[in-house]
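Index from 1, following the sequence. As the structure is a computational prediction, the values presented were derived from the model and not from experiment.
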Amino acid sequence: MANKEFKIIKKSGEINTYDEYDLLESPAIVSLKNIAHKSIICVGLWIDYITKDKDGHEIECISLQDANTGEAYSGQSQTFRDSFSDIVNRVKSMNPVPENFFIEVLHNTSKSGREFINCALVSPDRALKRLGIGFDEPTEEVK
């Protein structure tokens, strides 16, 4: 296996070696573009980074890990990364700052017919309802 190079630009906090592998190198990483439209992710860890494509050109990517499932997702969509960055800034301004937050993955088509992905912040109440976790019975805290 070739040694891959990664330059981390921003990250969610302290990330250990196992988490870094899960987010950057694991063959189990799922492409964000392959996630169904309107899927909910409980964002735990995330990394914004630069890597190189097969031709040696630098590309900026983002990887995030679902705090509930441990599933890692990655993509290079500029639209998704910009929206995600805006969401992170909004979440950081909350008082108290939540450890995790929910996003919805959105698939759209541009006026020129090009498909792209985006994301939107989702309230915990709405996300839990969409995930089928009701409020009638006590539930475990979602992390």
Side-chain angles (χ1 to χ4, degrees), residues 1-110 113-135 137-143:
M1 175 185 257
N3 223 0
K4 295 186 179 185
E5 292 181 40
F6 302 99
K7 178 182 172 190
I8 296 174
I9 301 168
K10 292 183 250 179
K11 59 185 179 175
S12 55
E14 289 303 313
I15 296 178
N16 68 37
T17 301
Y18 293 107
D19 294 330
E20 188 174 292
Y21 173 81
D22 285 344
L23 289 164
L24 297 175
E25 299 182 71
S26 173
I29 296 170
V30 175
S31 175
L32 285 165
K33 66 183 177 186
N34 292 335
I35 297 174
H37 177 63
K38 294 196 151 228
S39 291
I40 299 287
I41 298 173
C42 180
V43 179
L45 303 175
W46 58 268
I47 295 178
D48 188 5
Y49 63 98
I50 293 175
T51 189
K52 292 185 179 179
D53 66 13
K54 64 181 183 195
D55 298 322
H57 301 107
E58 286 190 345
I59 52 173
E60 187 172 342
C61 299
I62 189 156
S63 287
L64 42 107
Q65 187 176 57
D66 189 301
N68 291 326
T69 66
E71 195 80 39
Y73 305 98
S74 186
Q76 58 184 358
S77 164
Q78 181 70 49
T79 304
F80 186 95
R81 287 185 292 113
D82 289 347
S83 293
F84 188 81
S85 179
D86 291 343
I87 290 168
V88 166
N89 289 335
R90 179 174 289 268
V91 168
K92 283 182 179 177
S93 71
M94 293 178 182
N95 189 12
V97 175
E99 184 177 334
N100 304 312
F101 57 93
F102 294 93
I103 62 168
E104 180 177 55
V105 178
L106 305 169
H107 292 261
N108 295 301
T109 305
S110 69
R114 185 177 164 270
E115 293 184 16
F116 66 97
I117 60 171
N118 204 346
C119 62
L121 181 65
V122 179
S123 74
D125 289 348
R126 188 169 145 234
L128 292 173
K129 285 179 186 174
R130 292 261 312 277
L131 292 169
I133 300 172
F135 291 92
E137 299 174 13
T139 58
E140 292 182 19
E141 184 177 312
V142 175
K143 294 189 179 200

Query - Test item: S74 side-chain N/O and S31 main-chain N/O as donor-acceptor pair under 3.5 Å - result: no

Query raised in the report: Under the criterion side chain to side chain contact (heavy atoms under 4.5 Å, CB included), which of I41, L121, V43, L128 is the partner of F102?
Result: L128

Query raised in the report: Side chain of N16, backbone of Y18: donor and acceptor closer than 3.5 Å?
Result: yes

Report task. Report the relative orientation of the aromatic rings in F101 and F84; use parallel for angles under 30°, tilted for 30 to 60°, perpendicular for over 60°. Result -> tilted

Query raised in the report: Between S39 (side chain) and V105 (backbone), is there a donor-acceptor pair under 3.5 Å?
Result: no

Query raised in the report: Which atom names give the shortest non-hydrogen contact between C61 and R81, and what distance separates them?
Result: C-CD, 3.8 Å

Requested in this report: Would you check if K10 and V88 make a side-chain contact, meaning some heavy-atom pair closer than 4.5 Å?
Outcome: no

Query raised in the report: Do side-chain atoms of T51 reach the backbone of E5 as a donor and acceptor pair under 3.5 angstrom?
Result: yes

Query raised in the report: Salt-bridged, E104 to R130, with N to O below 4.0 Å?
Result: yes

Query raised in the report: Side chains of T79 and I117: closer than 4.5 Å at any heavy-atom pair?
Result: no

Query raised in the report: Any donor and acceptor pair, going by atom type alone, linking the side chain of S93 with main-chain N or O of R90 inside 3.5 Å?
Result: yes

Query raised in the report: Does some side-chain heavy atom of H37 sit less than 4.5 Å from a side-chain heavy atom of L106?
Result: yes

